[in-house]
Amino acid sequence: MYKNLGKIIEYFSKKYPKPETALKFMTPFQLLIATIMSAQTTDVQVNKVTEKLFNKFEKAEDFAKLSYEELEKEIKSIGLYKNKSKYIIESSKMIINKYSNEVPKSREKLMNLPGVGRKTANVVLANAFKQNTIAVDTHVFRVANRLGIVNTDKTDQVEKTLMEVVPENYWSKFHHWLIFHGREVCKARNPYCQGCTLKSYCKYYQNQIKGG
DNA sequence: AACTCGGGGCA
DNA sequence: TGCCCAGAGTT
């Protein structure tokens, strides 16, 4: 058991009493598409395009009909739009043809869709299907390593260890907490260690002050 | 294991 | 205006 976890949970519970997904939840299909789009960009950028996009195109059939070029125009502002347009359209086709027009509810099947890796699959499982998972994005990965809750460069190992160490009823909250903390305080570059309440529990900070 | 895809935000 | 940020697929 990671010894500072109680303190960390206590701090986050106060600071973020009711953490929620930044991606606006719609249908499971739309959440899947929004999550595919969110790779290598921010939820803010994705939310800028989804309202208009889902107003024009609602269901898998609507996306399956589009040409790559048509969809590229709609989502250009999120970047990596050629890949993502292809992933979205091909995933839509696969959902229709292979999964009876239902977003699959298993991780294996979700990860079989183009553009869906483990992080995206876990986000969909957690938010669309209320399965208890910890999706490991770059924030979760970085913050968990810095705090010293995990010590690994393997994403799958971060997920595994967090699920072992964090009480199950906190998995979803913990996921959001590390993301918020990673964005606002424990940033990839120039983290605000001085103002961070968790610094006395943080391996990264302790190493910083030791190193000078 | 390294490379590719690409825009927005910010110093 | 150039650097940094954020996942998945391919080679």
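Order of the sequence lines fixes the chain letters, A, B, ..., with proteins taken first and strands second; residue numbering starts at 1 for each chain. Only this structure's heavy atoms are used, side chains among them; waters, hydrogens and symmetry mates stay out.
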Quick one: label [X] by what it contacts on the DNA or RNA (base, sugar-phosphate, nothing), any heavy atom closer than 4.0 Å.
{"X": "A:T120", "answer": "sugar-phosphate"}
{"X": "A:S77", "answer": "sugar-phosphate"}
{"X": "A:K48", "answer": "sugar-phosphate"}
{"X": "A:V44", "answer": "nothing"}
{"X": "A:L113", "answer": "sugar-phosphate"}

Between the CZ atom in A:F54 and the OG1 atom in A:T27, the distance rounded to the nearest 0.5 Å is 7.0 Å
Please give, in whole Å, the distance from C:dA8 P to A:K119 NZ? 6 Å
May I have the distance from A:Q45 (atom CD) to C:dA6 (atom P), rounded to whole angstrom? 13 Å
Are A:F63 and A:M94 connected, step by step, through hydrophobic side chains (Ile, Leu, Val, Met, Phe, Trp, Tyr) whose heavy atoms are closer than 4.5 Å? yes
Can a donor-acceptor pair be found between the side chains of A:E159 and A:T155 at a distance below 3.5 Å? no
Could you tell me whether the side chains of A:K76 and A:Y81 share a donor-acceptor contact shorter than 3.5 Å? yes
In whole Å, what separates the C1' atom of C:dG7 from that of B:dC10? 22 Å
When the P atoms of B:dG9 and C:dA8 are compared, how many Å lie between them, rounded to an integer? 22 Å
Provide the start and end nucleotides, 5' to 3', of the part of DNA chain B that has atoms under 4.0 Å from heavy atoms of chain A. B:dC5 to B:dG9
Is there a side-chain contact between A:V150 and A:Y2, using heavy atoms and a 4.5 Å cut-off? no
In numerical order, the residues of residues 176-190 of chain A whose heavy atoms come under 4.0 Å of DNA chain C are A:A188, A:R189
